[in-house]
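The block underneath contains the structure these notes are about, expressed in structure tokens.
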Amino acid sequence: MVIADLCSARNRQEVDDAIALLHRAPAYEHAFVRGTLGCRLSGRRLAALASRLLGPPAT
């Protein structure tokens with residue numbers, strides 16, 4: 001769900017919302033993503049990517 005939200009995000013606020021979902025996800029969901037997709041999701045790295053693509057967050 002987090003990956004789908006990130007891929008469909010059209011602005012920085014939607015990216016930040018998806019990152020917030022990632023941080024609230026139970027530990028077993030993180031293990032599922034790591035084990036199934038073979039990657040780890042980092043909110044900090046996703047935010048940095050969003051800043052490069054969409055600009056800084058609105059204040």
Side-chain angles (χ1 to χ4, degrees):
M1 184 172 86
V2 172
I3 294 170
D5 287 347
L6 287 168
C7 290
S8 65
R10 295 176 190 233
N11 59 50
R12 180 58 195 264
Q13 183 58 47
E14 291 177 0
V15 172
D16 291 343
D17 292 343
I19 291 171
L21 279 175
L22 172 65
H23 289 156
R24 290 193 305 264
Y28 69 86
E29 290 182 17
H30 292 283
F32 172 79
V33 170
R34 191 173 339 169
T36 304
L37 300 178
C39 66
R40 294 179 63 196
L41 297 176
S42 164
R44 180 179 49 82
R45 290 182 181 153
L46 291 172
L49 177 62
S51 290
R52 285 193 308 231
L53 296 174
L54 302 171
T59 55

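These numbers come from the heavy atoms of this one structure, side chains and all, not from hydrogens, waters or symmetry mates.
Residues that satisfy the side-chain hydrogen bond (donor to acceptor under 3.5 Å, both in side chains) test with Glu14, not counting sequence neighbours, are absent from this structure.
Here the closest non-hydrogen pair linking Leu46 and Val15 is O-CG1, 4.5 Å. Taking both residues in full, the closest heavy atoms of Arg12 and Ser51 are given as NH1-OG, 2.6 Å, listed atom of the first, atom of the second, then distance.
For the pair Asp5/Leu21, a side-chain contact is recorded, criterion being any heavy-atom separation below 4.5 Å from C-beta on.
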